Amino acid sequence: MGNPLNLPFDPIERAHENWTRRWGASPAMAAVTSVMRAQQILIGRLDAALKPYALTFARYEALVLLTFSHSGGLPLGKIGERLMVHPTSVTNTIDRLERQGFVRRKPNPSDGRGTLAEITGEGREVVEQATRDLLDMDFGLEDYTAEELREMHRSFVKLRVGFGDFPDPEAPTEN
């Protein structure tokens, strides 16, 4: 799967060595470059696994989110908020899923101007099948132990809290 580079050296480590000679050591540069490369690898693996379902990981995430809703439908704005993407991306994602027959749009009964995206039976079937495939490949992270995966998740909480995604779960609460 994918297109391994098969280089005889680590290009990120080489870049860090060159960076260090020019501007001084920057563990942050090496870390962010590694994160960006990891994201490229994972998106490639996940999109390849989802290709038989005519899905990308972004469209898969939207379908999963809809399955988590008790009614199977959510306002487009709520989808964007939960997936942390721009409204234009939500519109494009839902447009594509609607053309595929995986979701349908309907008026929001609690907001006369709003629109809900609702997962269809076909959408539910495809998300179940795709999820089995992604679980079988550990979402592309099969080289890590369960504890390493938990630590990876925990290590990014600090970044996300600092950005303002949500309050620090470790911070004392005010009464």
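Bear in mind the structure is a predicted one, so any value in this text is a computation, not a measurement.
- Of all heavy-atom pairs between A48 and P52, the closest is O-CD, 3.6 Å.
- In this structure, F57 CZ and L134 CG are separated by 7.0 Å, a value rounded to the nearest 0.5 Å.
- Under the 4.0 Å criterion applied to side-chain N and carboxylate O atoms, D95 and R105 are assigned as salt-bridge partners.
- Taking the six-membered ring for Trp and thresholds of 30 and 60 degrees, Y60 and F139 have ring planes inclined between 30 and 60 degrees apart.
- Between Q100 and Y53, the shortest heavy-atom contact is NE2-O, 4.1 Å.
- Here the side chains of Q39 and I43 are in contact, with some heavy-atom distance below 4.5 Å.
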Per-pair distances, 0.1 Å, donor-acceptor, side chain in residues 29-36, under 3.5 Å, sequence neighbours excluded:
residue: T33; atom: OG1; partner: M29; partner atom: O; Å: 2.7
residue: S34; atom: OG; partner: A30; partner atom: O; Å: 2.9

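- Note: the hydrophobic cluster containing L159 also contains M152 (ILVMFWY, side chain heavy atoms under 4.5 Å, direct or indirect links).
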Pairs of donor and acceptor atoms involving the side chains of residues 76-87, under 3.5 Å and at least two apart or interchain, shall be tabulated with distances.
residue: H86; atom: ND1; partner: T88; partner atom: N; Å: 3.0
residue: H86; atom: ND1; partner: T88; partner atom: OG1; Å: 3.2

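- Around the CZ atom of F163, the shell of radius 6.0 Å holds no more than 12 heavy atoms that belong to other residues, nucleotides or ligands.
- Side-chain atoms of Q40 and R37 include a donor-acceptor pair closer than 3.5 Å.
- The shortest distance between side-chain heavy atoms of R21 and N18 falls below 4.5 Å.
- Judged by distance alone, with hydrogens and angles left aside, the side-chain atoms of H16 form a donor-acceptor pair with the main-chain N or O of S26 at under 3.5 Å.
- Nearest heavy atoms, V161 versus P169: CG2-CD, 4.0 Å.
- To the nearest 0.5 angstrom, L55 atom CG is 5.5 Å from F102 atom CZ.
- By the 6.0 Å contact criterion, CZ on R22 is open, its count of non-hydrogen atoms from other residues, nucleotides or ligands being 12 or less.
- When each of T120, I119, T93 is paired with L63, the side-chain contact (heavy atoms from CB on, under 4.5 Å) condition holds for I119 and for no other.
- One hydrophobic cluster holds both M137 and L135 under the rule that ILVMFWY side chains link at heavy-atom gaps under 4.5 Å.
- Residues L97 and A62 share a closest heavy-atom pair of CD1-CB, 3.9 Å.
- For the atom pair R59 CZ and I94 CD1, the distance stands at 10.5 Å (nearest 0.5 Å).
- The shortest non-hydrogen separation linking E142 to R45 is OE2-NH1, 3.5 Å.
- With T131 contributing its side chain and E128 its backbone, the two residues share no donor-acceptor pair below 3.5 Å.
- For the atom pair D47 CG and L42 CG, the distance stands at 10.5 Å (nearest 0.5 Å).
- If you take NZ on K158 and CG on D168, they are separated by 9.5 Å, rounding to the nearest 0.5 Å.
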* To do: Verify salt bridge (Lys or Arg N to Asp or Glu O under 4.0 Å) between E122 and R104, making sure each step is shown before the conclusion.
  => CA-CA 11 Å; E122 188 178 352; R104 66 179 148 262; over 6 Å; no

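- Panel note: side chain E118, backbone K106; no donor-acceptor pair is recorded below 3.5 Å.
- With hydrophobic clusters built from ILVMFWY side chains whose heavy atoms lie under 4.5 angstrom apart, F68 does not share a cluster with F166.
- To the nearest 0.5 Å, atom CG of residue N108 and atom CG of residue L116 are 4.0 Å apart.
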